[in-house]
Amino acid sequence: DVQLVESGGGSVQAGGSLRLSCAASGYTYSSNCMGWFRQAPGKEREGVAALYIGGGSVYVDDAVKGRFTISRDTIDNSVSLEMNSLKVEDTAMHYCAADSVGPIGMLDPQPTDFNYWGQGTQVTVAS
C-alpha cells in the first residue's frame with residue numbers, strides 16, 4: 001500500500017497564495033503518477049493537476065492553468081501544488097492521490113484512476 005499525507009491547506013483572501021505538499025510512503029514503486037484533486041461541497045471530485053513521478057507528462061486543469069504549479073521531489077517522494085492568484089471558487093477540500101496511470105489517463109485524470117488517497121486538506125478562499 002501507499003500512504004499519502006497532505007499538508008499546507010488553510011484560509012486566504014482572494015488573490016493570495018498557498019502551497020500544498022503531499023508526502024508518500026509505503027510501496028511507492030507501484031505508483032508512477034501523483035496528483036491533486038479537489039471537491040467542493042455538493043460537487044464531484046475533480047482533477048486539478050497531476051504528473052509522472054519519473055518525469056514526463058504533466059496535467060493541469062484549465063480552471064487553474066497559469067495559477068497553479070505542480071512539482072515533485074523524487075528524493076523524499078513528495079509532490080507539491082503551488083497555488084497563486086487564488087479565487088473564491090478554488091475553495092474545496094484538496095486531496096493528494098497516487099497510482100499507476102497510463103498516458104491516455106494522464107490527458108484528463110479521473111478519481112477512478114487512483115486507488116491511493118490522502119485524508120485531504122481544506123483550502124478556503126475568502127472574497
Side-chain angles (χ1 to χ4, degrees):
D1 280 357
V2 177
Q3 293 79 47
L4 304 172
V5 178
E6 303 104 333
S7 60
S11 299
V12 294
Q13 294 292 115
S17 300
L18 284 173
R19 182 182 177 88
L20 306 183
S21 295
C22 175
S25 62
Y27 193 60
T28 57
Y29 298 104
S30 65
S31 301
N32 68 350
C33 177
M34 292 182 71
W36 290 94
F37 289 78
R38 66 185 182 185
Q39 188 167 18
K43 294 188 177 181
E44 295 186 352
R45 192 168 297 190
E46 61 181 9
V48 176
L51 53 69
Y52 281 129
I53 298 170
S57 295
V58 177
Y59 167 83
V60 180
D61 189 74
D62 286 343
V64 304
K65 197 166 291 183
R67 300 188 296 122
F68 291 13
T69 303
I70 187 170
S71 61
R72 61 191 171 92
D73 186 329
T74 55
I75 295 177
D76 64 5
N77 283 331
S78 66
V79 64
S80 298
L81 185 69
E82 185 73 35
M83 305 184 294
N84 298 314
S85 301
L86 282 161
K87 303 177 179 180
V88 172
E89 50 263 43
D90 294 321
T91 295
M93 186 70 79
H94 285 63
Y95 298 91
C96 178
D99 212 321
S100 181
V101 178
I104 301 299
M106 274 296 284
L107 296 176
D108 185 13
Q110 299 297 308
T112 51
D113 294 328
F114 296 82
N115 283 302
Y116 303 110
W117 293 87
Q119 78 286 356
T121 185
Q122 178 67 34
V123 171
T124 302
V125 185
S127 59

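If you chain together hydrophobic residues whose side chains sit under 4.5 Å apart, Phe114 and Ile53 never meet in one group. No chain of hydrophobic side-chain contacts below 4.5 Å, direct or via other Ile, Leu, Val, Met, Phe, Trp or Tyr residues, connects Met93 to Val48. Tyr95 and Phe68 fall into different hydrophobic clusters, where Ile, Leu, Val, Met, Phe, Trp and Tyr side chains are chained together by heavy-atom contacts under 4.5 Å. No continuous path of hydrophobic side-chain contacts links Ile70 to Tyr52 [ILVMFWY only; heavy atoms under 4.5 Å].
Of the inter-residue distances, the one linking Thr124 atom OG1 with Gln13 atom CD reads 11.5 Å to the nearest 0.5 angstrom. Summarising the geometry, atom CG belonging to Leu20 is positioned 9.0 Å from atom CD belonging to Glu82; distances are rounded to the nearest 0.5 Å. Interatomic distance, Thr121 OG1 to Leu81 CG, rounded to the nearest 0.5 Å: 11.0 Å. Note that the CG atom of Asp73 and the SG atom of Cys22 stand 12.0 Å from one another [nearest 0.5 Å]. With rounding to the nearest 0.5 Å, the separation of NE2 in His94 from CZ in Arg45 is 11.5 Å.
Across every non-hydrogen atom of Val2 and Ala24, the tightest pair is CG1-CB, 4.5 Å. Residue Ser78 comes nearest to Ala23 through the heavy atom pair CB-CA, 4.3 Å, listed as atom of the first residue, atom of the second, then distance. Residues Glu6 and Gln119 share a closest heavy-atom pair of OE1-OE1, 2.8 Å. Contact between Met34 and Val79 at its shortest, heavy atoms only, is CE-CG1, 3.5 Å. When all heavy atoms are compared, the tightest approach of Tyr116 to Leu4 is O-CD1, 3.4 Å. Closest non-hydrogen pair, Met106 versus Tyr59, comes out as O-CB, 3.5 Å.
Residues that satisfy the disulfide bond (SG atoms under 2.5 Å apart) test with Cys33, not counting sequence neighbours, are absent from this structure. Shown here are the salt bridge (charged side-chain N to carboxylate O under 4.0 Å, His left out) partners of Asp90, two or more places apart in sequence or in another chain: Arg38, Arg67. With sequence neighbours left out, Gln3 forms a side chain to side chain donor-acceptor pair (under 3.5 Å) with no residue at all.
Between Trp36 and Met83 the shortest side-chain heavy-atom distance does not fall below 4.5 Å. Side chains of Arg19 and Ser80 form a contact here, defined as non-hydrogen atoms less than 4.5 Å apart.
Within a 6.0 Å radius of NZ in Lys65, other residues, nucleotides and ligands contribute more than 12 heavy atoms. More than 12 heavy atoms of other residues, nucleotides or ligands sit less than 6.0 Å from atom CD of Glu89. At most 12 heavy atoms of other shown residues, nucleotides or ligands fall within 6.0 angstrom of atom CD1 in Ile104.
Checked by atom type and distance alone, the side chain of Ser100 never pairs as donor or acceptor with a backbone atom of Asn32 at under 3.5 Å. One N or O on the side chain of Asp99 and one on the backbone of Asn115 form a donor-acceptor pair closer than 3.5 Å.
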